[in-house]
Amino acid sequence: MLDNLGNLERSHTCGELRAANVGEQVVLMGWVANRRDFGNLIFVDLRDRDGITQVVFELMAFTEMVQETLISADGQIEFFTEIYDKAESLRNEFVIAVSGTIVARKENSVNAKLKTGSIEVIATELRILNDAKTLPFELEVAGLQNLASEDTRLKYRYLDLRRSQLQNNIRMRSKAVTRIREFMDALDFVEIETPILLKSTPEGARDFIVPSRIHTGKFFALPQSPQILKQITMIAGFDKYYQIARCFRDEDLRADRQPEFTQLDVEMSFANQETVYRIIEGFFRHVFKLIDVELPEQFPRMTYAEALRRFGSDKPDLRFEMELQDLSETLKDTDLEPFKSVLKNGGEIKAIVVKGKADYSRKQTDDLQEFVKIYGAGGLGWMKLGVPIKANFKAENLFPNSYLTDLPNFREFAKKHLSAEEGDLVLIVAGKKSVVAASLGALRVEIARRENLIDKNAYKPLLVTEFPMFEYNDQTGNYDAAHHPFTSPMDEDLETFKRAIENESERDLLGQVRAKAYDAVINGYECAGGSIRIHQKEIQALNFKALGLSIEKARERFGFFLDALEFGTPPHGGFAAGIERTCMILCGTENIRDVMAFPKTASAQDLMMDSPGAVDNSQLNELGIKIVE
RNA sequence: GGGAUUGAAGCACAAAGGCUGUGCGUCCGAUUGUCUAUCGGAAAGGUGCGAGUUCGAUUCUCGUCAGUCCCGCCA
């Protein structure tokens with residue numbers, strides 16, 4: 001029934017034949033994407049990784065297209081019963097090999113939708129290399145409104161991956177990684193592999209842990225990132241390190257987050273921020289050429305503080321405006337609640353102006369109200385600068401002196417303090433600074449999405465600099481490392497840093513210390529992050545103290561690293577870039593699963609292989625592990 | 001840990017407190033210029049699972065499972 005491949009070899013892929021190939025004998029192999037049966041004439045769309053080529057099977061060779069080649073010299077019509085019967089038995093996703101002649105299609109039967117649409121293959125031999133069951137879902141059909149649901153497609157991931165979109169994405173990713181290697185190699189970086197089996201350090205994200213059989217009761221941990229090891233390659237004198245490194249974090253998933261992911265991990269000796277920025281910029285510039293996008297030689301820069309102030313986010317999407325505007329000063333004497341008490345408690349009042357959207361309905365603003373509540377905002381103030389002006393708060397309380405007392409004066413207020421015009425919608429959030437930033441920053445992005453304000457062809461990179469060194473932890477009352485515990489404070493803030501540590505009463509100064517830490521942001525995605533590290537043990541010791549980590553604890557966790565730091569550590573720094581997030585932008589998708597061959601679901605399962613799974617008791621016994629119910 | 005949302009034939013989707021249905025796919029037949037073709041016919045089989053309300057639930061309620069998105073989390 002099925003044929004053997006035998007010694008047949010493929011001559012072309014299904015995407016490369018053109019009018020110039022007319023007359024050639026070719027051998028194509030691939031999958032049957034579609035079959036159109038006309039009784040004595042069958043068209044098969046043959047698909048491989050490269051594209052689709054139309055193959056023609058005729059019972060009798062008498063069309064004008066093939067006259068010259070297939071009708072015998074004496075004018076006898078040739079019948080091709082055997083091959084034709086075979087062609088009739090073809091079904092979607094059968095794997096076949098076709099030998100045949102390339103002919104030009106007549107002008108009126110050219111298919112402009114196909115790269116190969118000007119030609120077709122008249123089959124002279126057909127080998128059915130494998131059959132296929134009817135697929136559990138359709139791959140790609142013209143007019144198909146919706147793909148099968150994602151869980152079905154994830155279960156049959158190998159089928160979903162046949163779709164051209166995923167094929168293209170995974171190929172793009174491969175090209176990107178190749179380009180990265182080219183780029184790093186040309187700059188004399190050394191690719192060094194670091195262990196996957198590491199030691200757990202209870203900092204940061206949850207570790208995935210791996211039990212040791214030989215050392216019963218002890219565990220390895222998978223790397224959250226090769227941070228310490230890459231720093232050690234600097235101490236080891238490699239000067240420039242890189243790795244395409246798999247990282248593992250046992251945290252909840254998001255549209256752009258999976259428990260395992262890949263980073264370009266880079267570290268350089270004798271480098272300051274500028275040195276690293278040049279590599280980051282160069283790397284992204286090089287990779288984005290894959291999609292014919294020329295990123296600027298120097299990325300725009302913005303401090304963390306400025307990003308938060310203007311955009312309410314440390315990863316602002318610069319493809320659209322709608323910046324946050326501060327009304328705290330303007331309204332400092334207001335009597336209007338809750339603005340008044342917010343200001344009294346050290347909070348702030350900020351607003352965004354949505355151009356031309358004064359016609360938002362009550363339902364729409366209610367929707368937005370609910371949206372900001374997700375981020376902890378108490379509510380959303382709004383002013384619709386239409387005719388008449390509408391607002392969900394009263395003007396007479398807004399200004400204590402009441403030189404503005406009626407509604408039309410909102411117009412002047414909005415014009416003067418927010419540059420808002422007739423027809424605009426003003427949205428206001430008041431509250432704790434962090435809540436205002438989070439809610440209004442998210443609202444800014446949400447509205448841009450809803451209102452289609454984002455140019456899909458724009459690519460806006462940004463370097464966000466001067467990240468804070470520490471984050472206050474409400475739960476423990478301590479300051480945690482905002483980046484990681486080896487990040488260097490900024491030289492300018494070194495005095496503050498020391499004072500905060502030496503005087504218990506000035507501990508809160510830690511919140512003001514800035515780090516030599518930075519992110520690269522593209523289109524609102526954090527695509528890379530890094531820092532200059534501490535290379536002197538005194539500063540490192542101070543930092544542990546700031547983090548509330550005793551010398552003993554620090555030694556227990558990073559003793560080997562502290563030792564290493566004492567043997568002549570060069571100044572060094574680096575970054576890690578998210579391969580998936582970068583590829584998401586290159587591929588124009590908003591979902592990380594679209595750039596990973598075998599992703600997991602939002603609940604961290606693999607539906608294809610059904611992992612994670614149980615293990616045999618014998619395995620557990622060998623590891624000395626008991627499952628507690 | 002929490003919130004939102006979805007779950008009906010192989011796939012997608014409409015509908016409605018009482019009968020479910022449509023498109024695609026599948027199968028059979030016809031068909032020599034289609035491009036996911038056209039025409040005719042057929043099969044298949046059901047509202048994730050459990051409980052409750054009800055004369056009656058796919059619809060309402062609760063729980064649970066699964067997908068997606070988000071908050072928390074992600075040094």
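Lettering follows sequence order; numbering is per chain, from 1. Below, each value reflects all heavy atoms present in this structure, side chains not excepted, and no hydrogens, waters or symmetry copies.
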Could you check whether [X] gets within reach of a base, just the sugar-phosphate, or nothing at all, counting any heavy atom under 4.0 Å?
X: A/E150; result: sugar-phosphate
X: A/D480; result: nothing
X: A/N34; result: base
X: A/T487; result: nothing
X: A/D250; result: nothing
X: A/A438; result: nothing
X: A/R47; result: nothing

- Message: Looking at every non-hydrogen atom in both residues, tell me the closest pair between A/Q54 and A/E120 and how far apart they are.
- Response: NE2-OE1, 2.9 Å
Rounding to a whole Å, what distance do you find between [X]:[atom1] and [N]:[atom2]?
X: A/R36; N: B/G33; atom1: CZ; atom2: C1'; answer: 10 Å
X: A/D366; N: B/A4; atom1: CG; atom2: P; answer: 17 Å
X: A/D207; N: B/C73; atom1: CG; atom2: P; answer: 18 Å
X: A/D37; N: B/U38; atom1: CG; atom2: P; answer: 14 Å
X: A/F248; N: B/C74; atom1: CZ; atom2: C1'; answer: 16 Å
X: A/N108; N: B/C35; atom1: CG; atom2: P; answer: 12 Å
X: A/L443; N: B/C70; atom1: CG; atom2: P; answer: 16 Å
X: A/R163; N: B/C11; atom1: CZ; atom2: P; answer: 16 Å

- Are OP1 or OP2 of B/A12 and a side-chain N or O of A/N146 less than 4.0 angstrom apart? no
- Task: State whether A/R153 places a side-chain N or O below 4.0 Å from either non-bridging phosphate oxygen (OP1 or OP2) of B/U68.
- Result: no
Same-atom distance ([atom1]) from [N] to [M], integer angstrom:
N: B/C11; M: B/G67; atom1: C1'; value: 15 Å
N: B/A8; M: B/G52; atom1: P; value: 24 Å
N: B/U53; M: B/U59; atom1: C1'; value: 13 Å

Among [options], the nucleotide that comes nearest once only the side chain of [X] is considered:
X: A/A255; options: B/G72, B/U32, B/C69; answer: B/C69
X: A/P136; options: B/G10, B/C69, B/G72; answer: B/G10
X: A/R91; options: B/U36, B/C27, B/G72; answer: B/C27
X: A/Q54; options: B/U34, B/U32, B/G25; answer: B/U34
X: A/N111; options: B/A66, B/C35, B/U34; answer: B/C35
X: A/K113; options: B/G33, B/C73, B/C35; answer: B/C35
X: A/L41; options: B/C35, B/G33, B/C74; answer: B/G33
X: A/N40; options: B/U32, B/C28, B/C73; answer: B/U32

Should [N] form a Watson-Crick or G-U wobble pair with both distances under 3.5 Å, which nucleotide is its partner?
N: B/A42; value: B/U26
N: B/U53; value: none
N: B/A15; value: none

Under the 3.5 Å rule, do the base of [N] and the side chain of [X] count as making a donor-acceptor pair?
X: A/R249; N: B/C74; result: no
X: A/Q605; N: B/G67; result: no
X: A/R254; N: B/G72; result: yes
X: A/N92; N: B/G25; result: no
X: A/R105; N: B/U34; result: yes
X: A/R257; N: B/C73; result: yes
X: A/R35; N: B/C35; result: no

[atom1] ([X]) with more than 12 external heavy atoms under 6.0 Å:
X: A/K373; atom1: NZ; answer: yes
X: A/K86; atom1: NZ; answer: yes
X: A/K600; atom1: NZ; answer: yes

- Item | A/Y375 vs A/S603, nearer the 5' end of RNA chain B by closest nucleotide | A/S603
- Query: A/S149 or A/G39: which one's nearest nucleotide on RNA chain B is closer to the 5' end?
  - Reply: A/S149
- Item | Euclidean distance, A/Q369 CD relative to A/L380 CG, rounded to 0.5 Å | 5.5 Å
- Query: Nearest 0.5 Å, what's the OH-CG distance between A/Y304 and A/D314?
  - Reply: 5.5 Å
- Message: Evaluate A/R533 against A/M234 for side-chain contact (heavy atoms from CB on, under 4.5 Å), listing each step before the verdict.
- Response: CA-CA 11 Å; A/R533 329 297 180 186; A/M234 296 299 99; over 6 Å; no
- Under 5.5 Å between ring centres and under 30° between planes: true for A/F38 and the base of B/U32? no
- State which residues pass side-chain contact (heavy atoms from CB on, under 4.5 Å) with A/K133; sequence neighbours excluded, sorted by chain then number. none
- Query: Would you call A/T124 and A/I83 a side-chain contact if the rule is heavy atoms closer than 4.5 Å?
  - Reply: no
- Within residues 595-602 of chain A, find the residues that approach RNA chain B with a heavy atom at under 4.0 Å, and present them sorted by residue number. A/T601, A/A602
- Run the salt bridge (Lys or Arg N to Asp or Glu O under 4.0 Å) check on A/E93 and A/R47 step by step: do they pass? CA-CA 9 Å; A/E93 302 307 311; A/R47 183 196 72 233; 2.9 Å; yes
